[in-house]
Amino acid sequence: MTQILFKNINLEGLATLPVYEGQGGYRSLEIAFKKQPEEVVEMVKASGLRGRGGAGFPAGLKWSFLAKDVFPRYLCCNADESEPGTCKDRELLLKNPHLLIEGMILCSYACRIQTGYIYFRGEFYDLAQIMEKALDEARRKGYLGKNIMGSGFDLDIHTHLGAGAYICGEESALLNSLEGRRGEPRMKPPFPAVEGLYAKPTVINNVETLCCVPWIISEGPEKYAAIGTEKSKGTKLVSVSGHVKKPGNYEVVLGTPTREIIYDLAGGIRDDNKLKAFIPGGSSVPMLPAELVDTPYDYEALQAAGSMLGSGALIVIDHTMNVVEATHRLMSFYMHESCGKCTPCREGTRWLWQILSRIMKGQSEGDPISKLNDICDNMSFKCFCPLGDAAIAPVVSGIKHFRADYEEFLQNAATGAAG
Amino acid sequence: MANEPVTLTIDDKTVTVPKGTKVVDAAKTVGIEIPVFCYHEKLGPFGCCRMCLVEVEKMPKMATACTLDVGPGMVVRTNTEKVEKAQKGVLEFTLLNHPLDCPVCDKGGECPLQDNTFKFGAPETRMEFDRAHNLKAAPLSPVITLDRERCIACQRCTRYSDIIEDERALVMHNRGFKNEIGTFNNEPYATRFSGNVIDICPVGALTNTQFRFKARTWDLANSDTLCSHCGVNCNMTMGTRTNKLLRIQSRPNDRVDDGWICDKARWGYDFLESKNRMGMNKSRLSGDWKALTPKEAAVHVAEAFKKIADEHGPESVGFIGSAYGTNEELYLYQKLFRQGLGSNNIDHKTHPGSPGLPIAHHDLQDIETSDLVLLLASDPAEELPILELRLKKVAKRGGVKLAVLGDQSTSMDRYAEWSGRYNVGAAAAVCEALAAELAGSGAGADLAGRAGLDGEQIKTLADLIRGSQKVTLIYNPVPLSAAAHGQLSRLMTAMGQIGEISCGAIPAAPGTNAVGALDMGVLPDYYPGGMPLAGGAEAIQAAWGENTPTAPGLSAMQMIEQAEQGRLKALLIHRANPLADFPGGKRLAAALKKLDVLVVHDIMQTETSRLANVVLISNGPGYDEGTTTNIGGRVQLRKGGLKTANAPDWKLVSMMIRALDENAPEYAASFGVTAEIAEKVPGYSDISKKSIKKEGQTRTQPPVAQGAVESPSEQATAGGLRLRIAHRLFAQDAILDPSSQLSHQFQASTATLNEADASRLGIANGDPVVITAGGGEVRAQAEVSNRVNPGGVVVPRVSDEQDLMTLAAEDAAAVDVKKA
Amino acid sequence: MFAFNETSEKEIEKILGKYPDRQSALLPLLTVTQRQERHITPEAMVEIGRRLDLSPAYVQSVASFYTMYHTEKVGRYLILFCINISCQLNGCDDLLAYTAKKLGIEIGQTTPDEKFTLLREECLAACTGAPMMRINDTFYEFLTPAKIDEIIDSLE
Ligand SMILES: Cc1cc2nc3c(=O)[nH]c(=O)nc-3n(C[C@H](O)[C@H](O)[C@H](O)COP(=O)(O)O)c2cc1C
Ligand code: SF4
Ligand code: FES
């Protein structure tokens with residue numbers, strides 16, 4: 001198994017600078033500083049690295065979009081990790097903070113950025129403390145600060161804590177939150193690469209994305225690009241949770257069949273139950289039925305199967321679970337997390353939740369399934385930000401693949417009412 | 001470039017609009033309506049309500065037309081099936097938890113939600129559960145009612161409070177479905193501009209408390225009029241029913257008010273029904289009080305004045321008008337006194353200002369194209385509130401630099417690129433210093449230092465001016481001494497002489513028609529249009545006839561002095577209340593009592609009208625029509641809306657004129673007088689009923705006489721502190737009395753003094769103090785701060801009852817401040 | 001009356017050094033306040049507004065957006081019990097009910113001795129350790145009734 005991010009993840013003391021350096025840490029900086037910043041951007045482009053936060057946008061391309069000649073510029077690392085099912089960034093931050101710092105230094109050098117922020121979700125207070133320590137070590141050793149390693153390049157990195165809002169993982173809401181505002185998403189355009197933090201050009205990348213960069217620089221982009229599939233390069237951390245025997249974060253080569261992840265790495269379904277459904281990329285992507293478990297775990301194949309790779313959170317559901325209950329729980333989450341700025345999402349999530357609640361209580365009238373579908377259609381791509389689309393994903397996919405689960409509730413209600 | 005044209009098609013219609021235009025506005029230009037809730041031109045794009053979704057070719061998703069910039073060759077569709085489904089869907093979401101209480105909602109008939117639902121909505125709702133219930137009809141402030149159930153969270157009101165008012169007083173609390181608008185800790189939302197949220201709320205969530213359940217909107221008669229409270233002359237609509245004013249709304253005119261009105265405009269109309277309004281025209285000149293018809297009153301007054309002028313000479317009669325009269329009223333009164341009675345004893349003010357400065361007059365929109373605005377002795381927030389909004393806008397978002405030069409710190413300081421505070425009473429020295437600095441004489445820093453300003457600072461200011469291409473000077477003439485006016489002239493000349501700079505001034509006096517009063521020649525030494533008597537007698541006689549008086553007349557303060565001496569025998573006062581407003585205190589009443597004839601022509605009974613032998617009813621705003629000239633020189637029509645049997649002021653005065661000269665014209669309407677003004681008054685030739693109809697029309701700059709600049713140095717006062725009287729928007733007076741809806745805005749009497757003086761006088765912050773001078777005595781609460789320099793004390797005029805003017809002298813007065 | 005204590009003041013000084021724009025310090029200052037006081041009072045919001053040049057209404061508006069800020073005092077131990085999908089799949093509902101019963105309070109309440117507050121929480125990014133809860137800054141994973149007993153009983 002190719003291990004890039006997790007090769008030494010459980011090494012004792014990895015979070016401290018000496019151990020990290022002993023593993024070859026910060027060596028990539030010497031390579032990068034000998035090149036022009038633009039060359040570093042080209043290397044990341046050539047590696048084919050795509051964003052690991054959810055959207056899968058090519059990282060190098062994003063870096064090359066920064067508004068020309070506008071300074072200062074900022075780097076914001078997205079350590080909000082709030083997508084239900086996802087907990088891989090937490091493991092990286094907890095066990096290997098210097099890897100992120102190294103990645104952020106490389107990105108900043110490549111993009112001529114002198115200030116970086118790591119936006120932690122508020123509940124990651126402990127991780128922020130660990131990171132503060134690591135940042136101090138890096139500063140003392142001259143990896144951060146003025147004229148890093150004699151390169152003439154200056155950079156400092158700060159931590160910033162959110163305070164409980166899923167939406168702040170969305171990049172523009174994150175910027176608002178970092179600027180001391182309500183975490184409502186911003187209008188786009190302008191995109192952050194043009195007007196981001198403090199209206200200056202800004203790069204926003206996920207923790208895992210940035211953590212891939214040191215390896216790409218040290219080992220060369222070609223080597224990275226050789227891993228994975230045609231369009232999904234490299235490895236991906238997958239958080240496997242739910243009804244599996246060995247839940248955990250696993251680093252897999254993109255393109256690995258999903259079945260292998262569930263059955264080999266995560267030990268298969270608990271109590272040797274039957275697999276019913278899986279959500280491949282976090283709660284915001286459509287769920288898939290067991291028949292599709294052989295789908296290769298990569299961006300294209302999952303999309304072709306009707307879902308998405310998302311944040312890499314594989315949530316496994318066995319045959320004992322009724323999908324409506326899971327969907328209802330997720331809808332309650334989206335209702336709670338909708339920022340309330342736009343009408344369809346604010347009103348729609350609550351309405352869907354109300355209908356799902358009534359279905360479960362056996363109180364619905366008429367044809368609630370068509371109504372759910374139509375409400376989802378009225379939200380689809382009509383909300384201000386992608387949260388609205390995320391919210392409808394479990395409903396639409398659930399109805400599509402597990403209509404029987406809905407009907408079970410409706411039937412029970414009908415017979416209950418008759419009796 | 002911003003104005004580069006872009007061509008696109010919307011529903012197959014070709015549209016060409018400037019780059020940067022939003023699709024929603026582009027559609028409007030070709031008559032295509034894209035429905036909106038959250039979008040408002042002045043607030044900019046926000047995109048939260050999703051009502052304006054459209055399809056755009058080559059875009060995978062639907063786009064919100066309110067956030068989308070037009071692009072060349074863009075193909076937009078607003079009427080496809082997809083769009084219609086989206087609109088119905090969004091409306092369904094919007095109405096999901098909106099109560100269906102339209103029949104009892106004040107917004108009914110002018111509600112965008114109602115209208116959009118009618119035009120774009122589905123015929124029925126599929127919501128089968130209880131709607132969310134929430135607080136209904138709760139006070140957001142004493143004048144605004146909030147119905148939370150009706151709020152659709154468009155954030156217009158909160159964005160208004162953030163972007164336009166820059167107060168962030170009304171905000172969004174909580175998130176998601178629980179979000180709701182509110183204030184800090186549920187305190188009242190009571191800013192100076194709070195009422196605008198009523199106008200921009202697209203549903204009935206924010207309504208006018210006074211107007212609630214008073215009338216259906218479609219039953220109102222609306223008249224397009226102007227506000228009469230300050231010199232900006234904001235445009236507004238007055239809604240009446242059965243001859244009763246029921247509400248005021250803003251009527252956007254970018255050239256004047258940028259779309260907003262202040263709360264005094266919206267709610268300061270209770271004087272219309274005040275029990276203190278004049279009851280009838282009456283006289284007791286010949287014994288007991290007797291009632292007079294308008295005609296009788298006019299003849300009676302004209303003859304009484306004529307008799308005295310004949311017996312004692314024209315210098316024995318005088319007229320004190322006010323900055324609150326219309327141009328027509330002011331014009332006719334000066335005509336009565338000059339042509340009818342042969343006297344130049346005409347004035348309307350207590351400050352020694354001049355009718356103009358030897359420099360161009362800027363209009364309000366020049367502020368936006370200036371690169372530097374210099375505020376002098378001006379506190380727009382209190383004096384001319386809507387001007388403050390415009391200044392905030394340009395300073396925050398318009399790239400205009402602001403320099404603030406004042407004797408008290410104001411809310412404008414935080415927007416200033418440069419700000420400096422001089423000693424109370426030292427405006428003349430400061431203007432002289434800046435003029436010297438600009439002229440490069442080298443004396444600037446030293447002069448400034450003596451006025452309490454850092455010498456280096458004045459250099460920075462001079463550099464700021466020199467580095468600009470267009471400068472607008474905004475000054476309030478009222479607190480300036482004669483010396484300061486002189487030096488201000490000199491300063492403007494110095495600025496005008498710097499090569500590349502174009503500069504102009506805005507005389508920002510708070511009075512509604514202060515500029516009109518100057519233009520109409522309600523001055524002892526100037527004829528209408530700023531024609532000076534000094535050295536101008538020939539021109540004046542050429543224009544006004546050989547018999548017109550050319551000897552300089554008495555100023556208002558001089559008239560009162562002459563009355564005290566028994567030399568002025570008859571005085572006519574129009575809409576002024578010297579007993580409350582003029583410096584001098586108790587002396588004034590004694591002087592007025594000595595007159596043989598005192599005629600007061602006013603709306604309200606006042607301290608002064610109670611001394612009069614003849615009282616005439618002035619109808620004033622709400623009733624009478626007339627034009628006013630705002631501080632930017634823009635002439636606009638203030639329409640009436642209410643009817644009355646009383647003669648309008650212009651008619652009464654014209655009857656007086658005809659009583660003395662039967663050949664004088666008889667005007668059919670106030671526009672007859674306006675036409676005469678256009679003909680006779682330099683600068684007003686373009687003014688006509690037609691030209692001012694929509695947005696008003698700026699009068700041209702009257703030729704300004706480069707009068708000799710006298711600069712009597714300001715008297716240094718021995719001992720005591722120099723008093724600066726500050727203007728307050730919501731002061732309690734005849735217009736805003738305690739029964740007003742705005743009485744919650746009244747403030748307590750305060751006195752701001754510097755820490756140095758306070759510790760010398762043993763006064764601590766919050767202490768009650770007494771301020772005395774010239775027999776007058778005023779009580780206040782001390783505010784110890786560095787908002788004023790040592791040696792000065794700032795006392796805002798918060799109420800007539802405060803009796804503040806008893807302390808004042810014509811030039812800044814010295815007062816004693818003691819702990820009470 | 002609200003005042004920051006010495007530790008908070010030191011923290012604030014460090015925070016203000018991080019950002020080119022003072023408003024960015026708003027969330028951090030709210031966090032400092034909450035760690036000092038366990039909740040955020042209106043007086044504290046006024047003070048924060050004063051330091052950052054923000055209206056108190058604005059501070060309240062921002063604070064009320066984020067669920068981690070409490071306007072009412074919470075217990076010394078704040079138990080956030082994840083009820084989101086991965087924990088749901090692993091039986092968190094029963095465990096949460098168990099915990100509430102053990103503490104003798106309803107979900108959302110604080111024990112009378114102000115020791116514990118028990119709240120439902122959305123996903124806390126420990127899904128591979130479901131079911132889980134967070135008590136103050138510590139995550140507890142793979143919960144069972146026995147483990148819950150042990151954890152809660154060990155807290156002083
Ligand atoms: C509702 C919502 C929540 C999101 N949450 C996260 C998150 O917790 N962590 C993250 O890295 N990206 C999250 N994203 C994606 C970010 O907006 C952004 O695309 C990402 O941080 C970019 O980094 P990447 O290109 O390295 O993936 C979220 C997006 C949405 C719409
Ligand atoms: S009160 Fe009116 S203006 Fe304010 S958010 Fe609600 S609907 Fe919009
Ligand atoms: S008007 Fe366009 S989203 Fe509200």
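So that the names make sense, note that chain A is the first sequence line, chain B the second, and so on, each numbered from 1.
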Peer 1: Within 45° of the ring axis of Phe46(B) and under 6.0 Å from its six-membered ring centre, is that where the NZ or CZ of Lys341(A) lies?
Peer 2: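 Yes, cation above the ring, under 6.0 Å and within 45°.
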Peer 1: Heavy-atom distances under 4.5 Å only: say whether Asn174(B) touches chain A with side chain, backbone, both or neither.
Peer 2: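 Interface part for Asn174(B): backbone (N, CA, C, O).
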Peer 1: Quick one: of Phe384(A), Phe381(A), Trp351(A), who has the most non-hydrogen atom pairs under 4.5 Å with chain B?
Peer 2: Trp351(A)
Peer 1: Is Phe93(B) close to Arg346(A) at the side-chain level, that is, under 4.5 Å between some pair of heavy atoms?
Peer 2: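 With C-beta onward as the side chain, the pair stays apart.
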Peer 1: Rounded to the nearest 0.5 Å, what separation is found between the CD1 atom of Ile375(A) and the CG atom of Leu96(B)?
Peer 2: 8.0 Å
Peer 1: Considering only NZ, NE, NH1 and NH2 on the basic side and carboxylate oxygens on the acidic side, decide whether Lys85(B) and Asp374(A) come within less than 4.0 Å.
Peer 2: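 Here Lys85(B) pairs with Asp374(A) in a salt bridge, since their nearest N and O are under 4.0 Å apart.
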Peer 1: Looking at side-chain heavy atoms only, is the closest gap between Thr94(B) and Glu347(A) below 4.5 Å?
Peer 2: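 No - every pair of side-chain heavy atoms lies 4.5 Å or more apart.
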Peer 1: Please check this pair: side chain of Arg175(B) against backbone of Gly340(A), looking for a donor-acceptor N/O pair closer than 3.5 Å.
Peer 2: no
Peer 1: Considering non-hydrogen atoms only, spot the tightest contact between Thr343(A) and Val90(B) and give its length.
Peer 2: CG2-O, 4.4 Å
Peer 1: In terms of heavy-atom proximity below 4.5 Å to chain B, should Arg186(A) be classed as side chain, backbone, both, or neither?
Peer 2: neither
Peer 1: Counting only heavy atoms closer than 4.5 Å, note whether Cys345(A) contacts chain B via side chain, backbone, both or neither.
Peer 2: neither
Peer 1: Are Arg350(A) and Phe177(B) in a cation-pi setup, meaning NZ or CZ lies under 6.0 angstrom from the ring centre and within 45 degrees of the ring axis?
Peer 2: yes
Peer 1: For Asn179(B), which atoms come within 4.5 Å of any heavy atom of chain A: side chain, backbone, both, or neither?
Peer 2: side chain
Peer 1: Which answer fits His173(B), side chain, backbone, both or neither, if we ask what part of it has an atom under 4.5 Å from a heavy atom of chain A?
Peer 2: backbone
Peer 1: Please classify the contact of Pro45(B) with chain A as side chain, backbone, both or neither, using a heavy-atom distance under 4.5 Å.
Peer 2: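 Answer is both: backbone and side chain atoms of Pro45(B) are under 4.5 Å from chain A.
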Peer 1: Can you tell me which portion of Ile167(A) sits under 4.5 Å from chain B's heavy atoms? Options are side chain, backbone, both or neither.
Peer 2: neither
Peer 1: Select one option (side chain, backbone, both, neither) describing which atoms of Glu337(A) are under 4.5 Å from chain B's heavy atoms.
Peer 2: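 For Glu337(A), backbone and side chain are both near chain B.
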Peer 1: Over all heavy atoms of both residues, which pair between Arg50(B) and Cys383(A) is shortest? Give the atoms and the distance, please.
Peer 2: NH2-O, 3.0 Å
